[in-house]
There are 2 protein chains.
Amino acid sequence: MAVRDRRETVLRVIIEEYITTAVPVASNAIVAKHGLRVSPATIRNDTAYLEQEGYVVRPHRSAGSVPTDRAYRYYVESIEGDVELPYVEQYLLHRMFQDAQEELEQWLKTVAGFLADLVHNLVVITSPKAVRCRFKHLDLVALQDFVSLLVVILYEAKIRRQVLSFNRKVSQDELTKMANRLTSIYEGMTGTEILARQEGLSSEERQISQCLAETIAAEDKLEFGEPYLEGLRLLLSQPEFTGGPGMLQILELLEGEDWLRSIFSQEFGRGGVRVVIGEENPEPALQDLSLITGRYGVPDKASGIVGVIGPKRMDYVKAISSLNCLTALLSNSVAEYI
Amino acid sequence: MAVRDRRETVLRVIIEEYITTAVPVASNAIVAKHGLRVSPATIRNDTAYLEQEGYVVRPHRSAGSVPTDRAYRYYVESIEGDVELPYVEQYLLHRMFQDAQEELEQWLKTVAGFLADLVHNLVVITSPKAVRCRFKHLDLVALQDFVSLLVVILYEAKIRRQVLSFNRKVSQDELTKMANRLTSIYEGMTGTEILARQEGLSSEERQISQCLAETIAAEDKLEFGEPYLEGLRLLLSQPEFTGGPGMLQILELLEGEDWLRSIFSQEFGRGGVRVVIGEENPEPALQDLSLITGRYGVPDKASGIVGVIGPKRMDYVKAISSLNCLTALLSNSVAEYI
DNA sequence: ATTTAGCACTCTTCCCTTTTGACTGCTAAT
DNA sequence: ATTAGCAGTCAAAAGGGAAGAGTGCTAAAT
């Protein structure tokens with residue numbers, strides 16, 4: 001075997017071994033593990049080279065090798081493309097999609113929990129969000145004399161509600177009439193289209209359509225759908241978190257204002273899965289972690305995000321392959337819905 | 001001062017000192033802190049007595065005192081009744097309630113976060129839930145030829161949605177008519193009342209009202225509203241959690257199936273605030289913690305729960321007084337809404 | 001009957017040293 | 001290019017005071 005090849009093998013073994021054990025990998029462990037027909041001394045020469053090239057570091061002068069960000073990056077690039085989820089797990093995921101999808105929220109939570117157990121890490125899924133919301137239906141319900149509830153139904157069965165105060169007492173009858181009228185006028189329109197189509201409306205109707213447009217605009221402005229988070233316990237029970245301050249950093253991030261943005265700040269590539277390793281991430285609290293994100297949905301229509309958050313030492317193969325499989329399945333579901 | 005009185009004072013000082021420092025309390029610290037005109041030796045006699053009575057334990061033979069569950073229980077009983085939140089904080093809370101309450105969910109989250117920061121612990125608030133939901137309004141929106149979305153609006157502006165499949169193609173016009181008809185028939189009714197009032201309905205209408213009743217029944221069956229959880233980072237950054245397995249226990253509990261029930265399993269007393277200390281709690285994962293819960297709302301109408309979860313060593317005075325204040329304010333809000 | 005001073009005793013914590021075992025780095029031979 | 005062998009390095013574990021904090025007990029004082 002050529003030296004170059006063996007060195008790559010050694011690096012791969014180091015990475016995979018470290019991923020499963022979380023312990024610096026010794027040269028004889030490498031020989032024992034992969035059954036290479038060379039002596040540990042040879043491996044040591046190789047790891048020395050790998051260290052020089054920045055693929056591994058060691059905690060101290062006489063310790064085994066631990067992979068650097070660069071090594072993980074190399075590893076991820078090398079596996080990308082030819083990763084497939086084991087059949088059993090593919091099957092389970094498919095099964096999951098055949099089962100009732102009654103309540104989207106509950107369903108996404110379940111999926112997130114399942115994935116979290118699969119990859120043994122924290123999983124975030126955001127509900128699908130339309131790029132440009134279109135109005136489908138509205139409804140007005142009298143709450144008190146001057147106050148009523150505006151219920152807006154958007155395509156994809158998304159519901160928003162808003163309380164409206166009128167200047168005069170408006171009966172439920174009147175409200176129903178206005179709701180029907182406005183629904184028939186605006187059905188299928190976007191927020192801006194609604195604003196552009198105001199002629200011939202009564203003062204109250206104008207107020208309603210104003211509020212409607214605002215609601216839709218607010219919805220459009222959101223970058224993400226509702227996030228569902230599962231598997232925090234799995235992430236935080238990883239050995240790298242016991243004792244250190246890293247855990248609190250994560251908790252603080254997760255309870256912070258818009259953590260979704262700081263996590264998913266990176267642009268997405270093609271349709272595929274993105275991997276952000278350690279310090280590649282601009283967010284300091286995440287620089288000891290890796291992030292694997294995929295987008296599902298129909299491009300330029302509606303989409304959501306699925307992300308796995310784990311230590312840099314994570315099972316990239318499993319995470320990437322599950323995400324590939326899951327985003328495909330979710331995309332199908334969304335496509336059907338639209 | 002009588003001996004009995006002094007011993008109570010000593011116990012109180014031990015508890016309060018331990019609450020703030022999390023360190024076993026030494027006899028001379030007690031003298032220094034409270035300025036009692038006796039020597040440490042006297043205090044030692046007192047703590048020996050308290051230990052015998054089961055109010056304090058010590059980590060080892062020559063360590064200071066730490067309060068037992070029993071001590072905390074005594075302490076809580078002794079303060080109950082005459083705790084008032086400092087004016088500044090009362091003011092802040094009141095302010096919070098004057099500010100816009102646009103979106104209930106967002107609002108409760110904010111309140112929970114505020115309270116969490118106040119008591120430096122984990123806070124759970126559940127949204128108010130009616131004991132017996134009453135129907136207010138429904139709406140039907142065509143999704144596909146045979147499929148439509150049933151939107152149910154309950155009193156308290158609560159919205160539920162459900163997908164319905166008919167046996168034939170139903171137009172939006174028809175749907176609207178049915179929605180109006182059913183709304184006018186059922187407005188104000190409970191689930192069982194709706195089921196009892198089926199005569200004169202078309203087959204589709206019966207199907208809808210069936211589904212409506214189920215939705216309401218499902219809502220009635222829920223024990224709690226939607227939970228909002230804030231301050232996990234505050235709880236887990238308490239010194240008792242660094243390193244130990246306690247943290248993971250909590251995370252597991254919180255990600256478990258129906259943790260709300262296991263937390264709030266205890267019956268509530270009068271309208272007041274309940275305190276469950278350590279092993280008083282049947283749930284093993286919570287036996288190192290204390291739980292302070294209050295119910296807000298209008299009895300037999302609609303109510304929700306506010307809970308503070310912290311180490312046994314927590315600021316009971318602040319927690320109880322904030323909860324008293326908060327539940328009163330929330331109850332007012334709910335009363336207005338009904 | 002309480003309270004107190006004094007002192008011996010206990011136990012943790014901190015720091016230092018030693019030992020052990022796991023690995024590597026290097027060198028010289030293959 | 002590879003390997004055996006061995007010296008060197010380092011972390012983690014184990015041991016051993018020494019210091020410090022704090023109590024328990026006893027005998028005397030109030």
Side-chain angles (χ1 to χ4, degrees), chain A residues 1-11 13-15 17-18 21-68 71 239-240 242-244, chain B residues 1-11 13-15 17-18 21-68 71 239-240 242-244:
Chain A
M1 190 192 282
V3 179
R4 183 146 219 96
D5 285 350
R6 193 192 52 227
R7 282 177 178 162
E8 294 198 8
T9 310
V10 168
L11 180 54
V13 173
I14 290 175
I15 294 170
E17 191 66 9
Y18 189 72
T21 64
V23 168
V25 188
S27 55
N28 45 17
I30 297 173
V31 184
K33 206 72 194 177
H34 199 266
L36 284 166
R37 318 292 288 163
V38 294
S39 82
T42 310
I43 304 293
R44 283 203 285 281
N45 288 332
D46 293 340
T47 54
Y49 171 81
L50 290 172
E51 180 172 20
Q52 200 184 325
E53 294 296 308
Y55 286 105
V56 303
V57 283
R58 48 189 105 255
H60 54 87
R61 231 169 108 52
S62 75
S65 311
V66 344
T68 59
E240 23 270 285
T242 52
Chain B
M1 188 193 285
V3 179
R4 182 144 221 98
D5 286 350
R6 193 192 52 226
R7 285 177 178 162
E8 294 198 9
T9 310
V10 168
L11 181 54
V13 173
I14 290 175
I15 294 170
E17 192 66 7
Y18 189 72
T21 64
V23 168
V25 187
S27 55
N28 44 19
I30 298 173
V31 186
K33 205 72 194 178
H34 199 265
L36 284 166
R37 317 295 286 163
V38 293
S39 83
T42 310
I43 303 292
R44 284 203 284 281
N45 288 332
D46 293 338
T47 55
Y49 172 82
L50 290 172
E51 182 173 19
Q52 202 185 324
E53 295 294 309
Y55 287 105
V56 303
V57 284
R58 50 189 103 255
H60 55 88
R61 237 171 100 56
S62 74
S65 312
V66 345
T68 60
E240 24 270 284
T242 52

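Labels below follow one simple rule: chain letters A, B, ... track the order of the sequence lines, proteins then strands, and each chain is numbered from 1. Being a predicted model, the structure only gives us computed values, none of them experimental.
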_A/T47 vs A/I14 side-chain heavy atoms within contact, under 4.5 Å_ = yes

_Could you check whether any side-chain heavy atom of A/V66 comes within less than 4.5 Å of a side-chain heavy atom of A/V56, counting everything from C-beta outward?_
no

*If a pair satisfies side chain to side chain donor-acceptor pair (under 3.5 Å) and one of its residues is in residues 53-68 of chain B, list it, with sequence neighbours excluded.*
B/E51-B/R58

Taking only distance into account, with no hydrogens and no angle test, what donor-acceptor pairs under 3.5 Å do side-chain atoms of residues 31-45 of chain B form with protein atoms, sequence neighbours excluded?
unit_1 : atom_1 : unit_2 : atom_2 : d
B/S39  : OG     : B/A41  : N      : 3.2
B/R44  : NH1    : B/S27  : OG     : 3.3

*For C/dT4, take OP1 and OP2 only and decide whether either is under 4.0 Å from a side-chain N or O of B/S39.*
yes

*May I ask you to verify if any side-chain N or O of A/S27 is less than 4.0 angstrom from the OP1 or OP2 atom of C/dC23?*
no

*First of A/A41 and A/A26 reached from the 5' end of DNA chain C, by closest nucleotide*: A/A26

*Check the pair B/D46, B/R6 against side-chain contact (heavy atoms from CB on, under 4.5 Å), reporting the backbone distance first and the verdict last.*
CA-CA 8 Å; B/D46 293 338; B/R6 193 192 52 226; 2.6 Å; yes

_Nucleic acid contacts of residues 43-62 of chain B, taken as heavy-atom distances under 4.0 Å to DNA chain D_ = B/R44, B/R58, B/R61, B/S62

*In whole angstrom, give the distance that lies between atom CD of A/E17 and atom P of C/dC23.*
11 Å

*asked:* Expressed as a whole number of angstroms, how long is the span from B/N28:CG to C/dT4:C1'?
replied: 15 Å

*Applying side-chain contact (heavy atoms from CB on, under 4.5 Å), run through A/V25 and A/I30 and close with a yes or a no.*
CA-CA 7 Å; A/V25 188; A/I30 297 173; 3.6 Å; yes

